[in-house]
Amino acid sequence: MFDAFFGSLVEVLQPGTMALLVTGVVVGFVVGILPGLGGPVTLALMLPFTFSMEPIQAFAFLLGMLVVTSTTGDITSVLFGIPGEATSAAAALDGYPLTRRGQGGRALGAVLFASLLGSLFGAAVLALAVPVIRPVVLALGAPEFFVLTMLGLTFVVALSGSQILKGFLMAAAGLLVAVIGVDSQDGVPRYTFDQLYLFEGIGLVPLVIGLFGGAEVLQLMLSRQSIAGGAEAPAKVTGVGQGIRDTLMHWSVVIRSSAIGVTVGMIPGLGGSVAQFIAYGSAKQSSKNPEMFGKGAIDGVIASGANNNARDSGSLIPTIAFGIPGGANTAVLLSAFLIVGLNPGPEMLTTNVDVTFSMVWITVIANAIAVAAAFLVLKPLTRLTFISGPLLVPFLILLMVLGAYSSTNSYGDVMVMVAAAAIGVACIRWNWPRVPFLLAVVLGGLAERYLFVSYGLFGWSWITRPVVLGLLAVMALVLFAPLFRYLRTRSRDRSENEVTVP
Amino acid sequence: MSTSNSAPTTSPPARRVSRGDLALTLGLLGVFVLAFVTALGWSFNTGVFPRLITGLGVALAVLHLVVLLVRRPAPDVQPHGEDGDIEAMDVEYAFEHAEPKQWAWTLGWVAGFFLLLYLGGIFIAAPVFTVAYLRFSARASWLFSAVYAVVVGLVLYAAFVVFLEIPTPPGIFE
């Protein structure tokens, strides 16, 4: 295990891998600063570049990019009050008031250094999780993995919003898309309509690019304005060292927020938007000056920064060990696993454990580079925020088309991308969740394989295996919890109305 | 759901079904029914998983349809967007508030790009669309638009053709 751990560091430090990591960091840096371009969209656009890469190189590029968007997303939150990423919203609550008081540098020093410490904490947990979780994963069989896959989908649908029925419908639609193509058991074409292109199934890359990228590009075309709107950059950014000292003084906030980030990150569906506000609330509760929260509390900024990066590592744990991503970012990242020929689950903890450990090093190195670079070239980079949205449109459309086409070099890929973009736009317009759909497409093939193996080995009696029953019970609990909450609220409202109405 | 429990001072919200929700649900119901019927013709090995998911899809679509038609809409307390996603909220705001004219203009550009791509391939579509879009939609200068088109073309050519060595979309006249 130790050999694999340090061996993976040597692999990450190879010049070619490091060059890709730095490229990923640069892309992540720019995307994190640009509000409006999210991590999942950029990950999707970058997937085609990984076709010819080795697994560790691909993750150096993609994961390096992803973890840095969390770090740099905080910069615009602090300087302009505009979160660069959805997960950076809490940093704006106290970071921006500090900037308006002339302490922007201090806030940035605190949030960036806390991000670095959070990433170290998360990486340590990820590394320690491997030996702990390995015997658990190896003890599970196909039936348990099938139910875990379904449980992951249930978590993502049930915990990610109020539109549960819509979420399950989208998940069912995603599973249906996943079965398009020639059946691997009997070689029968399913839902292919005699189209040769569909025999191989729907390509993940054009689907992901269209689903997430299409809507963002259309929004840039429709809004036709500067991404940062009318926000103004602060005249000077000083006091970074004070922010770093503040972070060290508030070490307990860093540890607590990081722990919250890792824990929430491990639960599929809860996502970073929830984690940051739990950490923020916790920091407020334990603060000596809770009245300052929302007005410029430095511990609020530290909590947000530390939480974000620790959460990224936490969300990798179920993705690697069980193939259950926690949200959009890790769902797209899971597509990368399949593209480079890796199967999440036992393989990632045995034969490919070096790839898993490499993710620990990539997280740490990418964040260290990003934070160092942020301190050095902060001011000029913030000007990226003022780039007009429509100027990005031609570049993004061309990148989308070329990326989608590269999947199988067919116009079918472009058509899939356009159709996925239409689905993505309709989903956003009428508030239907996209993540369960994508997750179901990604997990559908795995789920069917697990179901087939389970049936082949045990018939239908696999349903009575104790772990399967336990997981089904958890699934039922997750499913019915919103119903119980609804009934309880209704009953409470009814009793309140009976009191007010004579 | 009975309305008799509502407080007398507040009128119940009108029962208004979102046409978008209704259309999407009906569309999905149709797809699931067709897919289920198709899957009935396959062997057990081939058809068991599709039958399970499409059967579930039909049940969920019917349930959602009933909920849409029967249930009174609840006050919208949760901000839209997946998981409170800021980007999704921005996009949703833009989609909700765009005028039909803006939609037509935008979709016209998109359709024009894909028509150009189909006819001339990526190396015709890229410079023509870039210059035209930047000049007439983004109101950039001719010089800026031309320089942008050249730079973007070179970057993408270097990335996809030179570095990745993968084919690019050809036009029907190529």
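The sequence lines fix the lettering, A, B, ..., with proteins before strands; numbering per chain opens at 1. These numbers come from a predicted model, not from an experiment.
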[X], part contacting chain B, at a heavy-atom distance under 4.5 Å:
| X | value |
| --- | --- |
| V217(A) | neither |
| L451(A) | side chain |
| Y411(A) | side chain |
| Y405(A) | side chain |
| Y455(A) | side chain |
| F395(A) | both |

So which residues of residues 51-59 of chain B are in contact with chain A at a heavy-atom cut-off of under 4.5 Å?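 If one takes a 4.5 Å heavy-atom cut-off, the residues of residues 51-59 of chain B near chain A are L52(B), I53(B), T54(B), G57(B).
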
For the interface with chain A, which of V151(B), L107(B), L63(B) has the highest count of heavy-atom pairs at distances below 4.5 Å?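 Option with the top pair count is L63(B).
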
Leading residue by heavy atom contact count with chain A [cutoff under 4.5 Å; candidates A125(B), A126(B), A35(B)]: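 Ranked by contacts with chain A, first place is A35(B).
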
Neighbour count >12 (heavy atoms, 6.0 Å) for atom OH, Y118(B):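 No, because the 6.0 Å sphere around OH of Y118(B) holds 12 heavy atoms or fewer from other groups.
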
Heavy-atom pairs under 4.5 Å with chain B, option from I397(A), L398(A), V418(A), D413(A) with the top count: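 With the most close heavy-atom pairs to chain B, the winner is L398(A).
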
Heavy-atom pairs under 4.5 Å with chain B, option from L399(A), L218(A), V179(A) with the top count: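 That would be L218(A).
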
With distance as the sole test, does [X] use its side chain to make a donor-acceptor pair with the main-chain N or O of [Y] at under 3.5 Å?
| X | Y | answer |
| --- | --- | --- |
| R434(A) | L211(A) | yes |
| T50(A) | M53(A) | no |
| S406(A) | G403(A) | yes |
| R190(A) | I180(A) | no |

Interatomic distance, K166(A) atom NZ to N431(A) atom CG [nearest 0.5 angstrom]: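 K166(A) NZ to N431(A) CG: 5.0 Å, rounded to 0.5 Å.
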
Got a list of side-chain donor-acceptor pairs under 3.5 Å for residues 37-50 of chain B, not counting sequence neighbours?
residue	atom	partner	partner atom	Å
T38(B)	OG1	L34(B)	O	2.7
S43(B)	OG	D186(A)	OD2	3.1
S43(B)	OG	T46(B)	N	3.4
S43(B)	OG	T46(B)	OG1	3.2
T46(B)	OG1	D183(A)	OD2	2.9
T46(B)	OG1	D186(A)	OD2	3.4

Looking at every heavy atom in both [X] and [Y], which two are closest together, and how far apart are they?
| X | Y | value |
| --- | --- | --- |
| I164(A) | V157(A) | O-CG1, 3.4 Å |
| A447(A) | M150(A) | CB-CE, 3.7 Å |
| L176(A) | Y191(A) | CD1-CE1, 3.6 Å |

Could you check, using the six-membered ring where one of them is a Trp, whether F136(B) and W142(B) have ring centers closer than 6.0 angstrom?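 Distance test on ring centres: under 6.0 Å, yes.
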
